[in-house]
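All remarks here apply to the structure that follows.
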2 protein chains.
Amino acid sequence: MSRTRTLNDVAKIAQVSPSTVSRILNGTAVVSPEKRKQVETAIATLGYRPNVMAQALAKGRSMTVGVVTQAISSPFYAETLAGIEQGFADSVYHPMFISGHWRQDKELEAIEILTARRVDSLIILGGNLDDQYLLQLSQQIPLVAVGRFIQGLENQCIHIDQIQGAAAGVQHLIDLGHHRIAHIAGPASHRDSTGRLHGYQQVLAANDIPFDPNLVVSGNFQEHSGLLAMEQLLTRDTSITAVFSANDQMASGARLALYRRGIRVPEDISIIGFDDLFGSSYSTPPLTTVRQPGQEMGNAAAQMVLSLLEHRKLPSLIFTPHLVVRESTTRLRHS
Amino acid sequence: MSRTRTLNDVAKIAQVSPSTVSRILNGTAVVSPEKRKQVETAIATLGYRPNVMAQALAKGRSMTVGVVTQAISSPFYAETLAGIEQGFADSVYHPMFISGHWRQDKELEAIEILTARRVDSLIILGGNLDDQYLLQLSQQIPLVAVGRFIQGLENQCIHIDQIQGAAAGVQHLIDLGHHRIAHIAGPASHRDSTGRLHGYQQVLAANDIPFDPNLVVSGNFQEHSGLLAMEQLLTRDTSITAVFSANDQMASGARLALYRRGIRVPEDISIIGFDDLFGSSYSTPPLTTVRQPGQEMGNAAAQMVLSLLEHRKLPSLIFTPHLVVRESTTRLRHS
DNA sequence: ACAGTATCTGAAAGCGCTGTCAAGAGGTTT
DNA sequence: AAACCTCTTGACAGCGCTTTCAGATACTGT
């Protein structure tokens, strides 16, 4: 393992001062063509690569942005991460991901780790950190939040209206003639869950359909909890003709519960999800869902960070949930 | 944005030398209880956090390990990444992920970026870099490869026998009485694809079933290509009773193609996948597949890196593919 | 009481780079 | 020919930390 080359080595064999090499590397000042040539060949022959750590220390900027995600293997977050990565792709910055696992302590720890590395900026994906904390954190370091709306930091949040999204989904079901519509909610602690639940309730009310608490069961956003929730709904009430699941993963679990009982989708029961995960368009039947453009939002978050870092004015980005009708929902047959 | 505190600030207000503070932080030497106390309170009142960049520069170790993955949003890789992250969780190291998108140039670029940051070690997930290059790279930096087997670097590879896995899957189909078994292969350029194809052919031969080239179609490991492949198989040959897909994602696409034509799974056609993605156990019907323990392999890769970095002897880890029988395969009914 | 030893601590040099500052070279102007 | 610019370049002081080295102190044993 040969010692790695330094800028000094380059300077020495190019017979110039380290400053000059630095200037060429960074384009910080004009350098005579001859010296530039010498330096360039020196760099080439040594195979020199600047040490980003040292640059970071000297410049006071690490060229990395920290991303607090919740779980790298969660399909929804993964799409967003891919968007973030793509958004930084041709910039000089690079993202570093750390998972918070939906636990506030882990998220705080993630932020510690990231700030100890002096990341230049932070992207927070969902999570349980409170608004107040993030608001204060944003005073110390440029940050953008994805999937949440923080009062006083509106311009640095990328989110979509969950209520509106849920409303669109449930209205679709109602338009198809359903009125016994169950809801598999997310965990009550999660603000997206409550938003979606509200959307569900609002649309019911708007359509004069009484809200029946028996028709809502909570899960934890994972497939298995959707399956359990569906089973519970089925034993509670047999008049259900449609279910609105707070995310695609639980919809998938619910769909399996139905399959096991021989209940057909969409003929017997219609299902609608939320998120539009990539795989949802390949489920059987392809899932009707409310799309949250995860990748685009991630990409936008990266752009926003870049603007923040370069003190450009922030792009104003608006994302709206969007109903994607596929084959898991159908018109209610009057029986 | 208040200037962030440095070790010197701490030293000053604790009335000790910077060296002493450093010693306490790193446990490098014994320090008298009083000084330790002074320093600790100083750290607490200042809210001091060491600058990892500066530490890295001084120690010559960045405490980060670079991971070259292929696509962060690919379900299989995402599981592996989660395993890696978990494997480093209570170490002082942190992973930094960069995607190569299955393109050699991007992978090389990823390695450049990572080494410019002086990562202490590298984990390579699959990809198209050639063995020779990696073997040479491993001379410069501790590296472990996941999902590939490199001659001369066997101890630093974590992989499973693709042939054996495919064989197990196909044998399962044969045991159920199938002999018209199609294969949806991965891209020919991908070594896992060829391994799985060989496994398929070997088992066919071992059971005296003639290999019919018409029964194999290649996809690109994405869902859509599986759908296309299935459609093609269906037009080519109507006697197919089972299909072995080179991964779960294509199996999912194939399953959709069948659904569209009203062909039942598993009653009319049995399907078996490869990987055992988390979502596969929630497909309709739950997919029979050959499990590749992505998360465990990722975790093992992290452990291996840690061993390498601490010069401990390498754990010898053997992973084997494992048939997971679910509901997408069934005994052939003699018609 | 004194050399010898074991402990703790600070000074200082550096890790690899950047950026300020001032000097030297060459060219203009009057 | 003197005074003044403009350009390019090197010295040098950091960035925030670690680590050697040697000095200071406190204990040994004889």
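Protein chains get the first letters and strands the later ones, always in sequence-line order, with residue 1 at the start of each. None of the values given here were measured: they were computed from a predicted structure.
- Between A:N51 and A:T6 there is no side-chain heavy-atom pair separated by less than 4.5 Å.
- Summarising the geometry, the separation between NZ on A:K37 and C1' on D:dT8 is reported as 19 Å, rounded to the nearest angstrom.
- For C:dG16, neither phosphate oxygen OP1 nor OP2 lies less than 4.0 angstrom from any side-chain nitrogen or oxygen of A:Q55.
- Position along DNA chain C of the nearest nucleotide to B:A54 versus B:E34 favours B:E34 as the more 5'-ward residue.
- The CE-P distance, from B:M53 to D:dT18, rounds to 15 Å in whole Å.
- Nucleotide C:dG16 holds its P atom 17 Å from the CZ atom of A:R49, rounded to whole Å.
- Side-chain N/O atoms of B:Q156 and B:S138 include no donor and acceptor closer than 3.5 Å.
- In this structure, B:R36 places its CZ atom 10 Å from P of C:dT9, rounding to the nearest Å.
- Applying the 4.0 Å criterion to OP1 and OP2 of C:dG16, one finds that A:T6 has every side-chain N and O outside that range.
- At distances below 3.5 Å, at least one donor-acceptor pair connects side-chain atoms of A:H190 with backbone N or O atoms of A:D192.
- Shown here are the salt bridge (charged side-chain N to carboxylate O under 4.0 Å, His left out) partners of B:R118, two or more places apart in sequence or in another chain: there are none.
- Residue pairs satisfying the side-chain hydrogen bond (donor to acceptor under 3.5 Å, both in side chains) criterion with at least one member in residues 297-310 of chain B, sequence neighbours excluded, are listed as follows: B:N299-B:Q303, B:S307-B:R312, B:E310-B:R312.
- Take A:D130 and apply the salt bridge (charged side-chain N to carboxylate O under 4.0 Å, His left out) test, not counting sequence neighbours, and it matches no residue.
- Every residue meeting the salt bridge (charged side-chain N to carboxylate O under 4.0 Å, His left out) condition with B:E40, not counting sequence neighbours, appears here in chain and number order: B:R36.
- When the local axes at the two ends of the helix from C:dA1-D:dT30 to C:dT30-D:dA1 are compared, using 5 base pairs at each end, they differ in direction by 40° after rounding to 10°.
- Between the P atom of D:dT18 and the CG atom of B:N51 lies a distance of 10 Å, rounded to the nearest Å.
- We find that CG of B:L7 is positioned 15 Å from C1' of C:dA12, with the value rounded to whole Å.
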Extract from the structure each pairing of a protein N or O with an N or O of nucleotides 6-8 of chain C at less than 3.5 Å, listing the distance.
none

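- Here C:dC17 is the nucleotide among D:dC15, C:dC17, C:dC15 with the atom lying nearest to any side-chain atom of A:P50.
- Evaluation of the side-chain contact (heavy atoms from CB on, under 4.5 Å) rule for B:E112 yields A:R49 as partners, not counting sequence neighbours.
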With sugar-phosphate taken as primed atoms, P, OP1 and OP2 and all else as base, the protein-contact string of nucleotides 19-27 of chain D at under 4.0 Å (heavy atoms; B, S, -) is BB-------
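- Remark: A:D275 pairs with no residue by the salt bridge (charged side-chain N to carboxylate O under 4.0 Å, His left out) rule, at least two apart or across chains.
- Screening residues 131-145 of chain A for salt bridge (Lys or Arg N to Asp or Glu O under 4.0 Å) gives A:D131-A:R148, A:D131-A:R191 as the qualifying pairs, with residues at least two apart or on separate chains.
- Going from atom CZ of A:R118 over to atom P of D:dC15 covers 14 Å, rounded to whole Å.
- In this structure, the NZ atom of B:K12 is 12 Å from the P atom of C:dA11, given to the nearest Å.
- Residue pairs meeting the side-chain hydrogen bond (donor to acceptor under 3.5 Å, both in side chains) criterion with at least one partner in residues 14-28 of chain A, sequence neighbours excluded, are A:S17-A:T20, A:S22-A:N26, A:N26-A:K59.
- Residue pairs that meet the side-chain hydrogen bond (donor to acceptor under 3.5 Å, both in side chains) test with at least one member in residues 66-80 of chain A, sequence neighbours left out, are A:Q70-A:E107.
- Counting non-hydrogen atoms under 4.0 angstrom, A:V21 reaches nothing in the nucleic acid.
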